Asker: 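Following this message is one structure expressed as structure tokens.
Given the structure is predicted, the values throughout are model-derived calculations rather than measurements. The analysis underlying the following values was restricted to heavy atoms, covering all of them including side chains, and did not include hydrogens, waters or symmetry mates. Reminder, nothing fancy here: chain letters follow the sequence lines and each chain counts from 1.
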Amino acid sequence: MSVLILAEHDGIALNPAVNHAVTAAQHWGMPVHLLIAGNDTNVIAQAAAEISGVARVIRVDAAHLEHALAEDLANIVVALGRDYQVILGVHGAYARNVLPRAAALLDVAMVSDAVEILPGNTYVRPVYAGSVYSTVQNDEAIQIVTVRSSRFKAAGLGGSAEIVTFDAPPAFGKSRWIGRTHQHSDRPALGSARIVVSGGRSLGSAEKFDAVLTPLADKLDAALGATRAAVDAGYAPNDIQVGQTGVVVAPDLYIAVGVSGAVQHTYGMKDSKIVVAINQDPDAPIFQVADYGLVADLFDAVPKLTAAIH
Amino acid sequence: MKILVAVKRVVDHNIQVRIKPDGSDVDIAGVKMSINPFDENAVEEALRLKERGIATEIVAVSFGTAANQDVLRHALAMGADRALLVETESELQPLGVAKLLKAVVERVQPDIVLLGKQAIDDDAGQTGQMLAALLGVGQGTFISSLDIEGDEAIVTREIDGGTEQVAVKLPAVLTADLRLNDPRFVKLPNLMMAKKKPIETLSAAELGADIAPRLKQVKVSEPPARKPGIRVNDVQELIAKLHEEGMLS
Ligand SMILES: Cc1cc2nc3c(=O)[nH]c(=O)nc-3n(C[C@H](O)[C@H](O)[C@H](O)COP(=O)(O)OP(=O)(O)OC[C@H]3O[C@@H](n4cnc5c(N)ncnc54)[C@H](O)[C@@H]3O)c2cc1C
Ligand SMILES: Nc1ncnc2c1ncn2[C@@H]1O[C@H](COP(=O)(O)O)[C@@H](O)[C@H]1O
């Protein structure tokens, strides 16, 4: 038996988080296969084959797979899945869309957002916005799991997996891709950035969010993040929301600026190595998860910080 | 057009849950319970489709004990036309709920099933996708906008790195993200009126679905605590600390 990883990509490159899932997959001590479905996956498959610890890359190419519709991807996972003991994905929008569907078709339960994999098909996962960890045992014949990638090291290069192809099942045909709004940015991707600068509602407007935080992020080569309150207010785009219902990040340095620190927010950043909080309220909960707390007016402190970094 | 909305009863999002002394589970006895926030967005969106003359009937359904009547009353007070309580004392997990929902869909015959994208207690985010699979229909997950054009639901999905637009043939299963809408405030007179509306109740057993839990919770625990931090007095001190940590090189 082997482990199958539903490997996310954007048509150009593999999501770097897949390398972390490869490490998670080593837990079972079985061969690891990567499933890469898309329209023209040749280049992506070549790169995937070089990930250390991958035994086989399974390419599934078809025109109807170009936009990774959940219905079509789930059908591929189901077609291949019965030969696997474990099916893994990275806990992000891609696998969260596909794997529950595949699980139901295979009639097995699924474990979402595993932060630890223990012996005996047992997993630790956050519940209640991460304020509690639940340890669950899964006795299903096929283990379907999404993993929190930041909890597992990235597998390196140096592998030479075989690349095989698999014929795609016919298009499901009940959903149709229309388009995509890509928030273009020259910054590092939020999910894998070494430093994240995150802002809250207190920035006051989209202009100020940009004027105060962007120069700091530029100097640090950081990704920008935001609270839900800041996103809802229109200060920042939805895809940079950090938290229970947004993105989970674990950078080396997370700088929270004018962020109160609600559990729904800290869910998404508590695993960061170093947390800095700048908030004018000395009792703000964010200070409870901060390594370095500065009680200050952000409009005063952040420009000073930016100016002092070379 | 008929819309079925699944509403779950969960610990209110403002409550910090406690762990039982024996670590077997969380202790939610006597804790404030509410409708799952995402499900409130789902109800709101159904109401808006009705107000736009697209939907004709909105049915709210909840699975659990008799206590779930309160979230169904909430949905009725918001404006749902009728409510269905599927009663069971057993622990429910996403696959089981999806199977129950499938049986309800077969009875109610909705054109759209709206769910929340995730329940804020188990944080699973699975039920909608599982239901779509079991029904053999298309799915629109994590949606932040919804339109109906002909026999398709046109949705905007919140995905990593942006948003995506997808058209899904009806009947379809859709799951609501928080940015889909701002749920209306429930007025007291509406809540009083909703108290008088009947809630149809059936037992889960009647639906004949296999709802046996598949995952076994071994224990619950506190997440690892971060080591206590320190306060710095000014920006200079902060910079010095970040240098010491090797963060600014
Ligand atoms: C179901 C659900 C899911 C949610 N999911 C998420 C999620 O994924 N991510 C998320 O972030 N939130 C989420 N939330 C919302 C969360 O509960 C909080 O409401 C939100 O994180 C608060 O954002 P904020 O810190 O920007 O705003 P506020 O809580 O309003 O805090 C603003 C902070 O700024 C400080 N401040 C004000 N002015 C200044 C100044 N001049 N200088 C310095 N500091 C200043 C204040 O002291 C305060 O601490 C969710 C909520 C629910 C119910
Ligand atoms: N017991 C339940 N009763 C009604 N709806 C539910 C129940 N459990 C889950 N749901 C629906 O499924 C969604 C996702 O739940 P989950 O997969 O548990 O995160 C919720 O937002 C609800 O719409």
Asker: May I ask you to decide whether Arg96(A) forms a salt bridge with Asp160(B), counting only side-chain N to carboxylate O separations under 4.0 Å?
Answerer: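 Answer for the salt bridge query: no.
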Asker: Does the distance from a Lys or Arg side-chain N to an Asp or Glu carboxylate O, for Asp232(A) and Arg179(B), drop under 4.0 Å?
Answerer: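 Salt bridge present between Asp232(A) and Arg179(B).
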Asker: Salt bridge or not between Arg226(B) and Asp291(A)? Use side-chain N to carboxylate O under 4.0 Å.
Answerer: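 Salt bridge flag = yes for Asp291(A) with Arg226(B).
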Asker: Can you tell which part of Ile230(B) gets under 4.5 Å to a heavy atom of chain A, answering side chain, backbone, both or neither?
Answerer: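 It is both, since atoms from each part get that close.
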Asker: Which bit of Leu190(A) comes within less than 4.5 Å of chain B, counting heavy atoms only: side chain, backbone, both or neither?
Answerer: neither
Asker: Cut-off 3.5 Å, side chains only: do Tyr292(A) and Glu245(B) have a donor facing an acceptor?
Answerer: yes
Asker: Tell me, side chain or backbone of Gln217(B) under 4.5 Å from chain A's heavy atoms, or both, or neither?
Answerer: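 Both parts, heavy atoms under 4.5 Å.
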Asker: Are side-chain N/O atoms of Arg176(A) and Gln165(B) paired as donor and acceptor at under 3.5 Å?
Answerer: no
Asker: Given that the side chain runs from C-beta out, which part of Arg18(B) has a heavy atom under 4.5 Å from chain A: side chain, backbone, both or neither?
Answerer: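 Nothing of Arg18(B), per the 4.5 Å heavy-atom cut-off to chain A.
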Asker: Taking the cut-offs as 6.0 angstrom to the six-membered ring centre and 45 degrees off its axis, would you call Arg231(B) and Phe287(A) a cation-pi pair?
Answerer: yes
Asker: Side chains of Asp123(B) and Gln244(A): do they bring a donor and an acceptor to under 3.5 Å?
Answerer: yes
Asker: Non-hydrogen atoms of chain A under 4.5 Å away: do they reach the side chain of Ile159(B), the backbone, both or neither?
Answerer: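 Both backbone and side chain.
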Asker: Name the region of Val26(B), side chain, backbone, both or neither, that has any atom closer than 4.5 Å to a heavy atom of chain A.
Answerer: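 Just its side chain gets close to chain A.
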Asker: Select one option (side chain, backbone, both, neither) describing which atoms of Ala98(B) are under 4.5 Å from chain A's heavy atoms.
Answerer: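 Nothing of Ala98(B), per the 4.5 Å heavy-atom cut-off to chain A.
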Asker: Below 4.5 Å from any heavy atom of chain A, which atoms of Leu135(B) appear? Answer side chain, backbone, both or neither.
Answerer: neither
Asker: Is a side-chain donor-acceptor pair under 3.5 Å present for Ser112(A) with Gln126(B)?
Answerer: yes
Asker: Under 4.5 Å from any heavy atom of chain A, what part of Leu242(B) do you find: side chain, backbone, both or neither?
Answerer: side chain
Asker: Under a 4.5 Å heavy-atom cut-off, does chain A meet the side chain of His13(B), its backbone, both or neither?
Answerer: both
